[in-house]
Structure formats: structure tokens, C-alpha cells
Amino acid sequence: MQQQSTTIAHNALPPPPPKTVARSSRISVHSHIKALGLNQDGYATSDAAGFIGQTNAREACGVVVDLIKSRKFSGRALLLVGAPGTGKTALALAISQELGSKVPFCPMVGSEVYSTEVKKTEVLAEAFRRAIGLRIKETKKVYEGEVTELTPTESENPLSGYGKTVSHVIVGLKTAKGTKQLRLDPSIYEAILKEKIVVGDVIYIEANTGAVKRVGRSDAYASSYDLESETYVPLPKGDVHKHKELVQDVTLGDLDAANARPQGGQDIMSVMGSLVKSARTEITEKLRREVNKVVKGYVDQGVAEVIPGVVFIDEVHMLDIECFTYLNSLLESPLAPTVILATNRGKTLVRGTTDIIAPHGIPIDLLDRCLIVKTDIYNSNQIAKVLQLRANIEGLKLGTGVIERLVQEGDARSLRYVLQLLTPASILASLAGRPQIELEDVSELDELFYDAKTSAMLNTR
Ligand SMILES: Nc1ncnc2c1ncn2[C@@H]1O[C@H](COP(=O)(O)OP(=O)(O)O)[C@@H](O)[C@H]1O
Ligand SMILES: [Mg+2]
């Protein structure tokens, strides 16, 4: 592998860290939300892009999107206020979708800053770095084509008596122009197995690093299988061995983390050390500045493009005065993402103070920077529509009267509450051997679980 002259190496990156389960599941309940659903003039049609109602808030968010796109929103923040389950998180997600498909969206909850291991301000700083994307374009030498042959060659392992090992692998690659047979290292065979590559897939192998990437299934095979999840791609043009422009999306947070990891020798102690440390490596301000410098270099050379994303801080009233002050300074920094805050509190004490009561528990100097958008409570009709949408997405069938019954519950409690009933109800239904959710499943749920209000009444008696 080529050695970079600088100490910051983006192509030394490990595969992007898997998004934690908590973060992705926080988004998956919003998977029906595709955008803000506004027309060309910025008006919201009552139901569009998975959004039901909430037209005022959606239009207001549309204005914010325009401001962000014309770069007139820097140093400011959007504050969403409204009761729980009225779509604040959904709006934030929709804004990031409006900004572009590869825009990083980094959600966090105010209380996440209270960790015993990391400084509060550090948690915020990290979230801001993870919300700034970098698209790196590089031209690399690759072997690309449709796999025509995949044959591992085994041989006796000379070092031990434990059977055979793969000594090399023969890979045949085909393009519109010709075919080439490659004899490759066993480590590449492992990568091929990991990517679950089979004959008929279009892949490329980076010549320098041996990294293997599956592009999709060759469309010559499209007729024989009808898998929905499959992406079919045409047979690559040109030679098998060629220069290809590769696009890699990372965030500044990824770069910080990759460069903070100790890159010591190969001995066992340093491996152990890095295992332990990688759980929480020290990322210093100095390292961030260095990363910034290298990133700026890439941008100036036209190799990379900065894509500011969205930081979403839910339950922002959980932050304390120290965090709010730091947030002010983060908003001022030249490389700041769009900041969206959300809360369901009215006037309340600012955390970390004993006497400052402020709207939403946010100090006035930060409030002054905020555009505030309020979300409204849903009516029965709208609750019914969202329920039906979610049922469709989750592939659940509802029997007669079920929607009406759930809407009643939703009116009494909240939209979030009834949406959460769908999955347990479907489990009860399938346990009882029913193909769809029936009224008795919903009734059984009522016997099994309490909603918050009933529960509170029971406990205070
Ligand atoms: N107007 C809407 N149209 C469609 N789905 C909605 C709408 N508002 C909320 N939802 C869905 O209802 C659930 C709760 O909304 P959420 O955004 O988490 O509320 P909040 O953040 O205000 O507490 C989510 O699954 C969300 O996608
Ligand atoms: Mg929320």
C-alpha cells in the first residue's frame, strides 16, 4: 500500500463503524417519511411523502431548508416544540432528506451528554463532527467486471498438520470488451466470502489495497431471479484493468476516530492495547485541527467536497447551562452543521442553574438564535391515516374495526402510543393463528399493558 506523506490518512480507514442499533432503530420508526412533501411553491399538501397533516410546521421547515440551501442559516438553529408524538423527530429527519440523499443525519438525546467517561462538551463536539460529511473522489486502479469464475485452490498447509488452506484464488472477470483471469491472494478470497460474492455478480477489486466491493448483480441474470432486494447493473464497459473514479462518503467524526486509533506495530501487545482503547479513544482538539487542515487541503485540490449535515438534539431541555454555552460557540464555528433542537417542555428551570427559568429550559441567548416551529396535536382522521401508513410499511393487515378502535386510543393518549401497539398486536394475532390483527388482539393488549396515564393513576392511589 502506498504510504501517505501526511499523518492523516483517510484511505487507511477501516470500514465505516456500524451504526449502533439504538441510532438506527430511532430512525426506523420513521421509515415512511420520505421528505417534507411540499409542492414547488413551498406549500404542503395535506398528505404527501409519508407526512400526514402538520402542514404549518412542514411549510415552516420548508423555509428553513431554503435558508440552509442558500447558506443563510449559519449560526442559527431550528427549535421544534410540541407534545410528544407530534412528529418533531420526523420533521428533523425530513429536513435532512430534503437537503440531499447523502447528507449525514446525526440524532442524539440531550441526556446523552451525561456520561461518566466523557466530558459533556466532548459528546456535543463529537456529534457535530459526525454530522459533517466529506465526499472523497479518487481515481484508483481497479479490476472490474462480472464474475465468471471463482475457484479457490487449496494446498497442504506447510506450517501445520491441520489440513489444507487456500493458497490462492482464481477469479474470472468479464466486461463488454473482454475477459481476464486473475490469480489472487487468499486474503482477497476472505473478502470475497465476506461480501457474499458469487458468479454473476459485478465487482471491483482495488489494485493497491485488495479491497473488494460488490457493485450489484449483472443484469444478464435479471430474468432468472426476481429478488426485490437485488440491484441489477449492466456489464461494465472498457477493460477489466482500468482507472475508476471511486466515491467514498465519510464524516469528520470517522476521520477523527480513525486517526486517533493507535497505529502501532504488529505485536500482540499493541493489538490488545488498541482493542481496549478503541472503545473510547482520546480525540483531542489538536487532532481535530489537524484533520481539518488535511480536509481543507483535499477540498482545495478538488479531491473532496464537504457536505454539512444535520445534528438533531432531542429533549434539548436536558442539556445544562455549560452545554448551552458550548452550543453557542459550536454554532459560530465555520464548519458547523445545521442544528435542530426539539423539546416538549414549556417554561422551566435551565439545568445547572438554581434560578434561571426560561422558555423550554433554554437560555435566552441561545433562544435568540432559534427559529421556533410548533407542531400540532393530530385529529382522529390524521391518526387513522398514519396508522394505516405504518401498517402498510410493516406489512400488517388490520381486521374490521381495528383502525377505529386504535384511533380511539390514539385520541385519548397519543399517536406514538398507538403506533407502538401495532407490533405487539401483530404478535398476539400470529400467536392466536390469525392472519391479520383483529379487535380481540387490541383488547387483549389493553389487558396486558397500561398506558402512561392509567399507570400513573394506579400508582398514586
Ligand atoms: N404527520 C405525520 N405523518 C406521518 N407520520 C407521523 C407524523 N407525525 C408523527 N409521525 C410518526 O409518529 C411517530 C411519533 O413521531 P415523532 O416524530 O417521534 O414525535 P416526537 O418526536 O414529536 O415525539 C413516528 O413514528 C413518526 O414517524
Ligand atoms: Mg422525538
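Side chains included, hydrogens not; waters and symmetry mates left out as well; all remaining heavy atoms used. The chain is numbered in sequence order, starting from 1. Start at 1 and go down the list; that is how both ligands and their atoms are numbered.
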Query raised in the report: Can you tell me if R76 uses its side chain to pair, donor with acceptor, with the backbone of L371 under 3.5 Å?
Result: no

Query raised in the report: If you measure from the Lys or Arg side-chain nitrogens to the Asp or Glu carboxylate oxygens, is any gap between E195 and R214 under 4.0 Å?
Result: no

Report task. Name the closest protein heavy atom to atom 26 (C) of ligand 1, giving the residue it belongs to and the distance to 0.1 Å. Result -> H30 ND1, 3.3 Å

Requested in this report: Using a strict 4.0 Å cut-off to heavy atoms of F51, name the atoms of ligand 1 that fall inside it.
Outcome: 1 (N), 2 (C), 3 (N)

Requested in this report: Examine T86 against ligand 1 and note whether any of their N/O atoms are separated by less than 3.5 Å.
Outcome: yes

Query - Shortest protein contact, atom 21 (O) of ligand 1 (heavy atom only) - result: T89 OG1, 2.7 Å

Requested in this report: May I ask you to identify, for V386, whether its side chain, its backbone, both or neither come under 4.0 Å of ligand 1 on a heavy-atom basis?
Outcome: side chain

Query raised in the report: Taking atom types as modelled and ignoring hydrogens, do the side chains of N328 and E332 form a donor-acceptor contact shorter than 3.5 angstrom?
Result: no

Query raised in the report: R390 and S31: side-chain donor and acceptor closer than 3.5 Å?
Result: yes

Query raised in the report: Under 4.0 Å from any heavy atom of Y378, which atoms of ligand 1 are there?
Result: 1 (N), 2 (C), 7 (C), 8 (N), 9 (C)

Query raised in the report: Is the closest heavy-atom distance from H32 to ligand 1 below 4.0 Å?
Result: yes

Query raised in the report: Is Y114 atom OH crowded by more than 12 heavy atoms from other residues, nucleotides or ligands, each under 6.0 Å away?
Result: yes

Query - Nearest-neighbour protein heavy atom for atom 4 (C) of ligand 1, which is reported as residue plus atom name and distance - result: G50 O, 3.2 Å

Report task. Record the part of L419 in heavy-atom contact with ligand 1 below 4.0 Å; permitted values are side chain, backbone, both and neither. Result -> side chain

Query raised in the report: Would you say ligand 1 has an N or O under 3.5 Å from any N or O of G85?
Result: yes

Requested in this report: Decide, yes or no, whether a salt bridge links R351 with E315 under the criterion of side-chain N to carboxylate O below 4.0 Å.
Outcome: no

Requested in this report: Look at atom 25 (O) of ligand 1 and say which protein heavy atom is nearest, naming residue and atom and giving the distance to 0.1 Å.
Outcome: V29 O, 3.0 Å

Query - Nitrogen or oxygen atoms of Q54 and ligand 1 under 3.5 Å apart - result: no

Report summary line: Within 4.0 Å of some non-hydrogen atom of P84, the atoms of ligand 1 are 23 (O)

Query - Ligand-residue contact atoms, ligand 1 with K88, heavy atoms, under 4.0 Å - result: 17 (O), 19 (O), 20 (P), 21 (O), 22 (O), 23 (O)

Query raised in the report: Any N or O of G87 that comes nearer than 3.5 Å to an N or O of ligand 1?
Result: yes

Report task. For atom 1 (N) of ligand 1, find the nearest protein heavy atom and state the residue, atom name and distance (0.1 Å precision). Result -> I52 O, 2.6 Å

Query raised in the report: Would you call E409-R405 a salt bridge at under 4.0 Å N-O?
Result: yes

Query raised in the report: At a 4.0 Å cut-off, with the gap strictly under it, does some heavy atom of G53 reach an atom of ligand 1?
Result: no

Requested in this report: Flag yes if more than 12 heavy atoms outside K213 fall under 6.0 Å of its NZ atom; otherwise flag no.
Outcome: no

Query raised in the report: If only atom types and distance count, is the side chain of K88 paired as donor or acceptor with the main-chain N or O of L341 below 3.5 Å?
Result: no

Report task. Specify the protein heavy atom at minimum distance from atom 10 (N) of ligand 1: its residue, its atom name, and the distance to 0.1 Å. Result -> L415 CD2, 3.8 Å

Query - Under-4.0 Å salt bridge between R288 and E285 - result: yes

Requested in this report: Identify, with sequence neighbours excluded, every residue that meets salt bridge (Lys or Arg N to Asp or Glu O under 4.0 Å) alongside E322.
Outcome: K120

Query raised in the report: Residues two or more places apart in sequence or in another chain: which of them pass side chain to side chain contact (heavy atoms under 4.5 Å, CB included) with R416?
Result: S414, Q420

Requested in this report: Starting from atom 14 (C) of ligand 1, find the nearest protein heavy-atom neighbour and note its residue, name and distance.
Outcome: R416 NE, 3.8 Å

